[in-house]
Every structure is written in structure tokens, then in C-alpha cells.
Amino acid sequence: MPRSRPLPPSLERVFPRTSGIGPDGELTIGECSIPELVQRFGTPLYAFDERGLRETMREYREGLSARWPNSRVCFASKSLPCLAAYALAQEEGLSVDVAGEGELRLALAAGVDPERLVLHGNAKSRQEIDLALRVGVGLIVVDNLHDIALLSELATGTQDVLIRVIPEIDAQTNPAIATGGRTSKFGLPIDQAMALIDQLQDHPAIRVRGVHLHIGSQILETEPFAAAVRVLGELGEFETYNIGGGLGVNYSEDDAAPTIDAYLDAVTEAARQAIPAAAELIIEPGRSLVARSGVTVYRVRNVKQSNDLFVAVDGGMSDQLNIALTDDRFTAVMAERVELRPDTTAQLVGRQCESGDLLVDRARLHAPRAGDIVALGATGAYGFTFVNNYNGALHPPVIFCADGESREAVRRQTYEEFIAPHDRTGLPAHPHTFH
Ligand SMILES: *Cc1c(COP(=O)(O)O)cnc(C)c1O
């Protein structure tokens, strides 16, 4: 098979590491042709660069351990909760964050070592904590006093925990994904957390191993992370300091997210000043670990010139709900002719009944027509996470691509599965049949 040529530099920073241009000018990922994937699996679909994802995992893990040997990288699995991603994280030596019983079950089903799991949540259920204790989750992050009550009641051995504090750092990001401000619903104010740590000193079943915070998401500078390390350092001496995730990524050519190296430099330099040299340092990247490795692929349903030019595709908010929560807008390419110079500016919209169903504001495209294939870069994080059935859209499949081979990591939902949970009692015995 002829190898792909590199993408133009402006696209390279937004599209996956192994993406390129195939012999017919088409977008490739892991030497898999996007138009061929579409033929095989249909649209919309999520395509992932498996090698690129592994490389980013390694960049984080090796980069952090070179700078701070007693450290762990936890994959914040809510950013891509599919079994294949959990399995890759385990294979690449990462630990895994889970929030809630569902993510915990996914991690266990993927074969992640429970000792490497960190359980989060601001509203943990009794059942969830009970399951975590029974399977032997390595760390539970305590968010509130109810967590302590449940742990005291249910623990049979000793459970290691981190206490989550409100850092009171207002990082510059969208309010929907900021978690570090004074009024955050996550964690305890610092004075309450300190009192709790004191109180737990002689607890028979709960061992406080350290402290945790998370300042928000899609943060495009390194200083707030250094500040987060300093906040934790000021809480006192612990075995473990967990500074959460939040590093931002490039969604368009104009974004300038810090590199992983720059982030790790900032964090570990601050750690050298602020925490004991032998302490364990944990980071929890989600978005910056997976976003660039994924693209979402659509087919154009129609092009309409009304009071604006609209290019409407066969997905939208049903597979990219994050566009409703943040102002992030993506970078689109015509997947069958990546190199041809854009000659059209259009609103790239989805098919859902919402004006906010806008995938790219003023997208630059080459001659878009009905039937064309469009790929959105850097959609590997929080797209599949928020997948939903709005307007009866079915959940798209997740396709992992590497070395010219593709595999269906999650298959497309079917209409049978979509309709199955509904109760049919009292409905006509012989509903309309059709093919
Ligand atoms: C969401 C979350 C993360 C990951 O955040 P990203 O912005 O995706 O890196 C890490 N830690 C906790 C506790 C989180 O809630």
C-alpha cells in the first residue's frame, strides 16, 4: 500500500499524529482511508488514531516520570469511556480515573487493575462505594462528609483516600467547565478539608494518603497548574498530591495550547518548590490525552444558500454535545480532497433541531456538495462521552485505526436497541410494519 503524504502544517496540529493524505488526495488516519471507513461503517463515525493515542499516553507517562519519578498519570476516562481506550491506558502503564459505577464497570471490564483505579464523584452512591471497596479500588477521592460516613460504614479493611479541596483558582476557561472557583460544587473548602484530615488521623478504616484538586478544563496557559501545585503544597506534608487534569488542546489553527512538555515543566518546577521531594505526584489528563487522536466523520446532506450559506451534515449535537456546553468550535476538512484550497465559507451545521447545533462557525471548505464526506479534527475528547439520541439519532460507532487496519471498538447502535427500552403495553398489537 502506498504510504500517505503529510498533511499541510496548519492541519497537522489539529488532526491526529498519524493522519496524512492518501493516493487519491483523501484523508487517512493510521494509513486507513477515511472514505473507505465510511463505505464500510457508514456515517457519522468516530475514527481514532490508535498509535497516536498510545504515543500521547507515553509522552505523558515518560515525560512525567523523567521529571518526577514517584508519579502517576491517570487517564480521566470520562473523556473517552470506551473499553478499547481503558485497555490502551492499562497497556501503556497509566492509572485510570473513574467517576461512578458505570465508568468503574467499564474499567473492570477492560481489565484495568483495580489497584490502579481512582474513584471520583461529588455524589457517590452507597452501591458505588461498596463496589469500589469490594473490588479493591486503589484510591477513593473524598468529596464530602457523606463519603466519609459511607466509607466508615462499609469498609472492612483500610481504604486509602485523597481529600478533594476547592482550590479557589479561577483559571481562564468557560464557566461550564471551570471547577476551581470558590463556589465550585466539587470538594471541600480548605479549612473544612484540614479539619477533616485532622479528624481522620486515628480512623480505623480510612487512611488519608493525600490531597486532590482539579481546576477546570481546556486551560490554555501553564501558570494555573503551577498555582494548583502550590495550593496543595500549602496544605501540609502528604504522601500523594493529585493536581487533576485540565490542559487545553488546539481546536483550530489559531489556538496555541501549551505542549505537554511545557505543562509538565511548569507542574514539576512548581512541585520542586512546593511539595516534599519523595512525595507522589499524580496528574489526571483527559482532553489533552485523547482529543487530537479522534476525528468525527459525517456526510453532507445538503448545501443551502438562504440568508447565509449552510452545509448540513448527518450528525451534530447528538454526537458532539460539547458544542452546547462550550464555545469550542472545530476544524473541518473535505475528507476526499484534503489538499484542495478552501474556496467557500459556510456555517457547518448538524441535523438537530437547535440553532446551537453549529459544528464550525464560518468553516473554510473546498466546494462542499451533498454527499461529500467531512471530517472534524480534534474531536476525540467528550464527543463519544456525551453521545445521545436527539431527534432519534443512533449512537455512531467508534473505529480504532492503526497500520492500515481498522476495528470497531464500539459498534453503531441499531434502531432495535433504540426502541427496545420502551414499554409497549396498551399499544396496538400489530403496529405498522415496513422495511
Ligand atoms: C474531568 C476531570 C479530569 C480531566 O479533565 P480534562 O480537562 O479532560 O483534562 C481530571 N480530573 C477530574 C477530577 C475531573 O473531573
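Numbers here are sequence positions counted from 1. Whatever order the structure lists them in is the order used to number ligands and atoms, beginning at 1.
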Ligand 1 contact on His120 by region, counting heavy-atom pairs under 4.0 Å
side chain
Using heavy atoms and a threshold below 4.0 Å, how should the contact between Ala76 and ligand 1 be classified: side chain, backbone, both, or neither?
side chain
For ligand 1, which atoms have a heavy atom of [X] less than 4.0 angstrom away?
{"X": "Arg164", "value": "13 (C)"}
{"X": "Ser217", "value": "6 (P), 7 (O), 8 (O)"}
{"X": "Asp97", "value": "11 (N)"}
{"X": "Tyr382", "value": "1 (C), 4 (C), 5 (O), 6 (P), 8 (O)"}

Can you tell whether the side chains of Glu223 and Arg230 come within less than 4.0 Å, N to carboxylate O?
yes
Do any nitrogen or oxygen atoms of His212 lie less than 3.5 angstrom from nitrogen or oxygen atoms of ligand 1?
no
Counting only nitrogen or oxygen atoms and a 3.5 angstrom limit, does Glu284 reach ligand 1?
yes
Taking atom types as modelled, find out whether [X] and [Y] have a side-chain donor-acceptor pair closer than 3.5 angstrom.
{"X": "Thr56", "Y": "Arg292", "result": "no"}
{"X": "Tyr251", "Y": "Gln218", "result": "no"}
{"X": "Thr18", "Y": "Arg51", "result": "no"}
{"X": "Asp357", "Y": "Tyr390", "result": "no"}
{"X": "Gln320", "Y": "Thr296", "result": "yes"}

Can you tell me if Gly246 has a non-hydrogen atom under 4.0 Å from ligand 1?
yes
Does Phe186 come within less than 4.0 Å of ligand 1, judged by its heavy atoms?
no
Taking atom CD of Gln127 as the centre, does the number of heavy atoms from other residues, nucleotides or ligands within less than 6.0 Å exceed 12?
no
If you draw a 6.0 Å radius around CD in Glu36, do more than 12 non-hydrogen atoms from other residues or ligands fall strictly inside?
no
Arg287, His214, Gln218: member with heavy atom nearest to atom 5 (O) of ligand 1:
His214
Starting from atom 1 (C) of ligand 1, what is the nearest protein heavy atom, named by residue and atom, and what distance separates them?
Lys78 NZ, 1.3 Å
